[in-house]
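Have a look at the structure below before the remarks.
Lettering of chains follows the sequences in order, A, B, ..., and the numbering in each one begins at 1. Treat the numbers as computed from the prediction; the structure is a model and nothing was measured.
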There are 2 protein chains.
Amino acid sequence: MATTLKDVAREAGVAVNTASKVLRGDPHPMVSIKTRERIMEAARRLRYRHNLHARQLRTGRSEVVGILAGALREGVNLARFQAVEHAIRARGCRTLLGHAAGEPELQLQFAKDFASNMAEGVVVLSTLLGYRYSLELLNEWRIPIVSLEPLDGVKADVVTVDRREGARLATRHLLELGHRRIAMLHGGMKTPTMAERHQGFREALTGHGCPLEEAPLIQMDPTTSGGVCARGEATAWRLLALRPLPTAVLCSNDEVAIGVMKTLAEAGVRVPEEMAVVGFDDIYIAAHLPVPLTTIAQPVEEQAARAVALLFERIEDPDLERPPQVIRLAPRLVVRASCGASSAGEERRAAD
Amino acid sequence: MATTLKDVAREAGVAVNTASKVLRGDPHPMVSIKTRERIMEAARRLRYRHNLHARQLRTGRSEVVGILAGALREGVNLARFQAVEHAIRARGCRTLLGHAAGEPELQLQFAKDFASNMAEGVVVLSTLLGYRYSLELLNEWRIPIVSLEPLDGVKADVVTVDRREGARLATRHLLELGHRRIAMLHGGMKTPTMAERHQGFREALTGHGCPLEEAPLIQMDPTTSGGVCARGEATAWRLLALRPLPTAVLCSNDEVAIGVMKTLAEAGVRVPEEMAVVGFDDIYIAAHLPVPLTTIAQPVEEQAARAVALLFERIEDPDLERPPQVIRLAPRLVVRASCGASSAGEERRAAD
DNA sequence: CTAGAATAGGTTAACGATAATCCATGAACG
DNA sequence: CGTTCATGGATTATCGTTAACCTATTCTAG
């Protein structure tokens, strides 16, 4: 069928292993320049491509790293994917994407696929319900894991963003702009992520001498169809029902914030004049909305680089004793129009 | 290292090939229930995973299809990826994503990777400059290709969306709402895609008895940094410079439309009252903007399904004689607020 | 009671690439 | 002149799985 090493060797009039040495770039080829060139020429003529499966079987090294994503279209997952892939390729490995696309069973399927492909490590971009079982399987197969989101009950390094600091930054910014009645949306207190955010929120408020009673927590609407934006839209009506009406709202992420802004527009509530909105993640579109969104940016590149570095430590030394690490990177406040920080100020900065 | 079939066989007290038959689900196992269960139990106990590389080497079938994407974050590419992957998995194959992320050299790299992985076919979601050489390589390796975008100089089936019909639908809709001075943005007439759109635009106008002089074509701003939205933002200023000011604008795609709407907001031009905006693609966010975007939706699911069906015809019969097909699917107009269909339309017609 | 299925399972030779080992040839050296 | 070594290249075992081909036992029909 396809040309093999044997074909190339025959064409060049040498033995297979000589061809092998040359074509894979052996550092000590012990092959004369002439022979080398004859082999390269033959390979080119026959359009030879090495069979990775055969190589992997023989060498036992797959040079493949799995990337597991719960839902690429949400938040910064796609940006993470890009950054992680780039970092992995920089180390000479290929990448296998397992995109569960919101279906928890697929998560398990991909964990098994990674194992069957002899992946040397796995990067978790985001998870879905039931991730624990899938990742425990990887643990059992001794495949090192690094995650960009907090993980529970799984042996893995974690490189995540400090959500508490993020919430603190956002809240403090609103307080400094004079807001006192700030609402925070949340999707359920049970997740550690959410608890962290809430803690940062409270710390900023009390640090500013603000009573927590004026800072209502709004439970996200449980609607699931229509995606994350739709949840934001539905939840915004709860926000609008509050009396007295808050003057600012901290959203769980940018997509929710976009949904909220849509409902506010529908209700005739102007952003930022009547309601300041802050998001989380700094997704691409956030900067390009009619009212650009103030948000907390995640240091995606750095996160990816550090995560991949940790993973390769374990890949290169499978017996590494280092206990699982948890690294929290600092997020960054990105001020745009949606919180009402003076537009003159923004222009001033842009001019600099 | 990892447990192999031999380990399982030894544990169960049978020969390797008996274990192989059972574990891969041979339709004619000729293995007693008792033995079968002993093998399954042993596999479970030893956490056996088959080695796909060994299997592929032996069977010569990789059951892998490559997916090549120029830039996942743009337009409907991510949705396409999801739909295509789903369709491929439904046929029992795995997927290999080659995400060039805007870098043309990576496109070539991934084409080679697909070949080295013995991919049985390739689905092209979108392309970048220089795709031709990469795909010709796949042609030479006799790997069948199906593309979701028009391709030039490459042997491949194509399942695309009828852009002419899309432009016609959008333009006609605006005309019916009473618009007469409609601008169209374009990124250069050289691409067949763009030429098609322009043709549909003109057909709709002349079909309505509109002089083409009142329908200006605006060349997209060549800015490249900041992504597609930023280009829309920059281009919108050109639109605003026109006299008389058009009352509607047809954008190349939704991201451009989003950028345009941002600039219009900045300039104090209300959408849709003073300017109707229509996009193309119907990306997720389009429905969730403060002023939801009227747009032309691509039939992504159907496109993916038909493309994958064509591809598998060729995979299953490598000697299939059928010449490359080009299928054009009909897009669909999605009316939302940005064109003012419900309210402003009647007023404008009355005023004209 | 025996030929011939049918059943249950074992043996072994690949698949393509790699790497350890082995075999020539020629040069350098005492 | 024989030994050592460096160079250039060939032989061959092996990775884990599969599939074609055996062997041995049981069952059934005539």
- Message: In this structure, how many angstroms lie between the P atom of D:dT18 and the CD atom of B:Glu63, rounded?
- Response: 11 Å
- Short side-chain N/O contact from A:Tyr48 to OP1 or OP2 of C:dG16, under 4.0 Å: no
- Item | Side-chain donor-acceptor contact under 3.5 Å, A:Gln109 with B:Arg89 | no
- What is the distance from CD of B:Gln56 to C1' of C:dA14, rounded to the nearest Å? 14 Å
- Could you check how far CZ of B:Arg24 sits from P of D:dG16, rounded to whole Å? 17 Å
- Item | Rounded to 10 degrees, the angle between the two terminal axes of the helix from C:dC1-D:dG30 to C:dG30-D:dC1, each from five pairs | 50°
- Query: Would you call A:Arg44-A:Glu41 a salt bridge at under 4.0 Å N-O?
  - Reply: yes
- Query: Rounded to the Å, how far apart are A:Leu46 CG and C:dG16 P?
  - Reply: 14 Å
- Item | Side chain B:Asn17 and base C:dT11 donor-acceptor under 3.5 Å | yes
- Could you check how far CG of A:Asn117 sits from C1' of D:dT17, rounded to whole Å? 15 Å
- Query: How about A:Arg132 and A:Asp152: do any of their side-chain heavy atoms sit closer than 4.5 Å?
  - Reply: yes
- Under 4.5 Å between any side-chain heavy atoms of A:Val65 and A:Val308, yes or no? no
- Trace of the side chain to side chain contact (heavy atoms under 4.5 Å, CB included) decision for A:Val22 with A:Val14: CA-CA 11 Å; A:Val22 170; A:Val14 299; over 6 Å; no
- In whole angstrom, what separates B:Arg55's CZ from C:dA14's C1'? 17 Å
- Just compare C:dG16, C:dG9, D:dT17 and give me whichever is closest to any side-chain atom of B:Thr18. C:dG9
- Contact class for B:His53 vs. all strands (heavy atom < 4.0 Å): base, sugar-phosphate, or nothing? nothing
- For A:Arg306, look at atom CZ and say whether over 12 heavy atoms of other residues, nucleotides or ligands are found less than 6.0 Å away. no
- Message: Using whole Å, what does the distance between atom P of nucleotide C:dA14 and atom CZ of B:Arg61 come to?
- Response: 23 Å
- Full working for salt bridge (charged side-chain N to carboxylate O under 4.0 Å, His left out) between B:Arg91 and B:Glu120: CA-CA 13 Å; B:Arg91 288 169 189 262; B:Glu120 307 193 23; over 6 Å; no
- Message: Measuring to OP1 and OP2 of C:dG9, would you say a side-chain N or O of B:Thr35 lies under 4.0 angstrom away?
- Response: yes
- Which listed nucleotide (D:dT11, D:dG16, D:dA13) is nearest to the side chain of B:Arg58? D:dG16
- Task: Give the nucleotide from the list C:dA17, D:dT17, D:dA20 with an atom nearest to the side chain of B:Asn51.
- Result: D:dT17
- Candidate nucleotides C:dG9, C:dG10, D:dT17, ranked by approach to the side chain of B:Ala54 - the nearest: D:dT17
- Let me know the distance between CZ of A:Arg10 and P of C:dG16, rounded to the nearest Å. 12 Å
- Item | Phosphate OP1/OP2 of C:dT18: any A:Ser20 side-chain N/O under 4.0 Å | yes
- Message: Please compare B:Arg38 and B:Thr59 by the position of their nearest nucleotide in DNA chain C and report the one closer to 5'.
- Response: B:Arg38
- Message: Side chains of B:Ser62 and B:Asn117, heavy atoms from C-beta outward: is any pair under 4.5 Å?
- Response: no
- Query: To the side chain of B:Leu57, which of D:dG16, D:dT17, D:dG9 is closest?
  - Reply: D:dG16
- Task: Measure from the side chain of A:Lys21, starting at C-beta and using heavy atoms only, and say which of D:dT18, C:dA17, D:dA10 lies closest.
- Result: D:dA10
